[in-house]
Student: 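Once you've had a glance at the structure underneath, I'll fire off some questions.
Heads up: numbering here begins at 1 and tracks the sequence. Everything numeric in this text was worked out from a predicted model, so none of it was measured. Basis for what follows: all heavy atoms, side chains included, without hydrogens, waters or symmetry-related copies.
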Amino acid sequence: MARASVTFPRPRIADVAGEVRRRLEELSPPRLAGRRIAVTAGSRGIRDIVPVLAAAVAWIREQGGDPVIVGAMGSHGGGTEEGQRRLLAHLGITPERVGAPVLTSMETVELGTTPRGLIAYCDRNAVACDGILVVNRIKPHTAFAEPFGSGLLKMIAVGLGKAPAAAQIHRQGPAEMGAAIESIAAVALTTRRILGGLAIIENAFDETARIAGVPPDAMPREERALFAEARALMPSLPVDALDVLIVDEVGKNYSGTGMDVNVVGRWRLPGMAEPAAPAIQRIVALRLSPESEGNAQGIGLADVVTRALVDAIDPVATYVNTLVSTYVQRAFVPVTMPTDRDAVEAALASLNLPDPAAARVVRIPNTLHLEECEVSESLIPELQTHPRVTVGSAEPMSFSDDGGLRRFEARGPSP
């Protein structure tokens with residue numbers, strides 16, 4: 001295997017807090033003085049979520065408002081109030097760090113229904129406030145492809161709607177999910193409770209590339225444009241055709257499905273065709289991140305896993321999330337091997353390759369950080385001519401005495 005560095009576009013914001021304040025000034029939500037304002041928080045893996053929320057809280061307070069953070073996490077955290085509070089704390093979202101109370105509840109209020117009879121649920125803490133500022137990152141979703149992904153509309157329709165909303169949305173199936181989210185969000189927007197949104201776009205290095213202030217009436221239109229921008233900045237694997245992809249760590253802090261389906265090219269959803277690229281024959285997953293708190297939803301995207309990963313699974317957290325999503329295939333436990341070495345060997349052996357030395361293998365730390373990876377010797381000639389890839393010399397894959405693969409020591413992107 002050889003270390004490879006991949007260059008991606010890297011727009012980024014140096015002063016995140018200052019940018020939040022500028023966008024809120026432009027957004028100019030009405031009548032903040034003397035009003036309690038809910039600010040949503042919930043999606044994982046957003047690098048600057050704490051400074052974004054802290055800056056929004058400070059700005060609202062300067063306008064005379066009384067800000068509170070409201071957990072908007074759908075069915076995550078095991079579908080419990082305490083579970084969601086614990087997840088927010090793991091993200092650094094605590095009263096001390098954001099400067100406002102952090103409220104979590106699984107109780108919802110019905111705001112109305114769509115023409116098709118779908119219910120617009122909303123967190124009771126948010127409904128009790130005088131207005132809601134929606135904050136979320138815009139990025140491709142892992143359960144539907146178009147016309148937008150995870151962002152402000154999903155935060156309104158699913159995040160704030162808690163478990164009932166998540167179950168209702170997932171029952172629509174991947175083909176109808178986007179339209180359902182948009183129609184439910186439209187009902188919530190007509191109540192005039194939504195004051196606007198702060199949309200975060202990240203670059204391929206997990207850094208904040210842009211923050212947009214979105215007026216409530218413009219959300220359906222502007223989110224489509226922001227989605228296209230976010231998708232263009234996403235990282236990707238250096239090659240499209242692989243025999244084996246080794247993913248060192250999977251987890252909810254990297255993607256809602258543990259591994260980003262847009263990176264690995266697997267949806268594993270009934271009735272939804274798999275993408276033509278990337279085409280990966282076997283995926284090996286080695287560990288579950290501690291930040292996932294045992295939620296291994298998406299483990300079924302892999303073909304081979306380790307005993308250490310399986311032993312880290314919390315069935316309650318995983319199954320609540322999985323059953324609400326309705327995509328039970330994604331929770332099926334793959335072939336489980338005792339060690340990292342056994343897992344890699346099993347994946348290669350299952351392919352029965354005519355020339356094992358020519359196996360096309362890539363190893364990544366996770367599906368969120370792809371600026372550095374390792375590639376098999378067979379891929380070096382192909383990547384030496386790649387305009388965005390720098391590849392080093394190959395060395396034997398190194399394992400410890402107990403079969404553990406040498407840890408991926410990501411050097412990190414240069415400043």
Student: The test is salt bridge (Lys or Arg N to Asp or Glu O under 4.0 Å); show your working for Arg137 and Glu202 and say whether it passes.
Tutor: CA-CA 8 Å; Arg137 175 188 53 200; Glu202 293 183 334; 3.5 Å; yes
Student: State, yes or no, whether a side-chain contact exists between Ile299 and Val250 at a heavy-atom distance under 4.5 Å.
Tutor: no
Student: In this structure, which one of Val344, Leu405, Val247, Val244 forms a side-chain contact (heavy atoms from CB on, under 4.5 Å) with Arg363?
Tutor: Leu405
Student: Under 4.0 Å between a side-chain nitrogen and a carboxylate oxygen: does that hold for Asp303 and Arg268?
Tutor: yes
Student: More than 12 heavy atoms of other residues, nucleotides or ligands under 6.0 Å from CG of Asn352: yes or no?
Tutor: no
Student: How far apart are the C-alpha atoms of Glu371 and Arg10, what are their side-chain angles, what is the distance that settles it, and do they pass the salt bridge (Lys or Arg N to Asp or Glu O under 4.0 Å) test?
Tutor: CA-CA 11 Å; Glu371 61 270 16; Arg10 199 177 180 182; over 6 Å; no
Student: Distance from Thr322 atom OG1 to Gln329 atom CD, nearest 0.5 Å?
Tutor: 10.5 Å
Student: Tell me, do Ile200 and Asp48 make a side-chain contact under 4.5 Å, heavy atoms counted?
Tutor: no
Student: Are Lys252 and Asn321 close enough that a side-chain donor and a side-chain acceptor fall under 3.5 Å?
Tutor: yes
Student: Do the side chains of Glu249 and Tyr254 get nearer than 4.5 Å, heavy atoms only?
Tutor: yes
Student: More than 12 non-hydrogen atoms from neighbouring residues, nucleotides or ligands closer than 6.0 Å to CD on Glu81, yes or no?
Tutor: yes
Student: Side-chain polar contacts of residues 388-395 - donor-acceptor pairs under 3.5 angstrom, sequence neighbours left out - could you list them?
Tutor:
{"residue": "Arg388", "atom": "NH1", "partner": "Thr7", "partner atom": "O", "Å": "2.7"}

Student: How long is the gap from CG on Leu160 to CD1 on Ile132, to the nearest 0.5 Å?
Tutor: 5.5 Å
Student: Is Arg21 salt-bridged to Glu25, going by a charged N under 4.0 Å from an acidic O?
Tutor: no
Student: Pair Glu293, Arg86 - check salt bridge (Lys or Arg N to Asp or Glu O under 4.0 Å), show working.
Tutor: CA-CA 9 Å; Glu293 292 213 325; Arg86 187 169 58 249; 2.9 Å; yes
Student: Taking C-beta and beyond as the side chain, do Leu24 and Leu133 meet within less than 4.5 Å on heavy atoms?
Tutor: yes
Student: Would you say Ser292's side chain and Gly294's backbone share a donor-acceptor pair under 3.5 angstrom?
Tutor: no
Student: Side chains of Arg282 and Ser350: any donor to acceptor distance under 3.5 Å?
Tutor: yes
Student: Taking the side chain from Arg12 and the backbone from Phe205, do they hold a donor-acceptor pair closer than 3.5 Å?
Tutor: no
Student: Quick one: CE on Met219 to CG on Leu153, what's the gap to the nearest 0.5 Å?
Tutor: 7.0 Å
Student: Looking at every heavy atom in both Val187 and Thr113, which two are closest together, and how far apart are they?
Tutor: CG2-O, 3.7 Å
Student: Quick one, Arg360 with Asp243, criterion salt bridge (Lys or Arg N to Asp or Glu O under 4.0 Å). Give me CA distance, side-chain angles, the key distance, then yes/no.
Tutor: CA-CA 5 Å; Arg360 296 170 63 87; Asp243 294 313; 5.6 Å; no
Student: So for atom CZ, which belongs to Arg224, do other residues, nucleotides or ligands contribute more than 12 heavy atoms lying within a distance under 6.0 Å?
Tutor: yes
Student: May I ask you to say whether Arg22 pairs ionically with Glu26, meaning some side-chain N is under 4.0 Å from a carboxylate O?
Tutor: no
Student: So how far is it from Asp340 CG to Arg407 CZ, rounded to the nearest 0.5 Å?
Tutor: 8.0 Å
Student: Assess whether a salt bridge exists between Glu223 and Lys154, defined as any Lys/Arg side-chain N lying under 4.0 Å from an Asp/Glu carboxylate O.
Tutor: no
Student: Side-chain contact test, heavy atoms from C-beta onward, threshold under 4.5 Å: evaluate it for Met73 versus Thr104 and give yes or no.
Tutor: no
Student: Other residues, nucleotides and ligands only: do more than 12 of their heavy atoms fall within 6.0 Å of OH on Tyr319?
Tutor: no
Student: Are Lys139 and Asn262 side-chain neighbours, meaning at least one heavy-atom pair lies under 4.5 Å?
Tutor: no
Student: Is there a side-chain contact between Ile246 and Met397 in this structure, where contact means two heavy atoms from C-beta onward sitting under 4.5 Å apart?
Tutor: yes
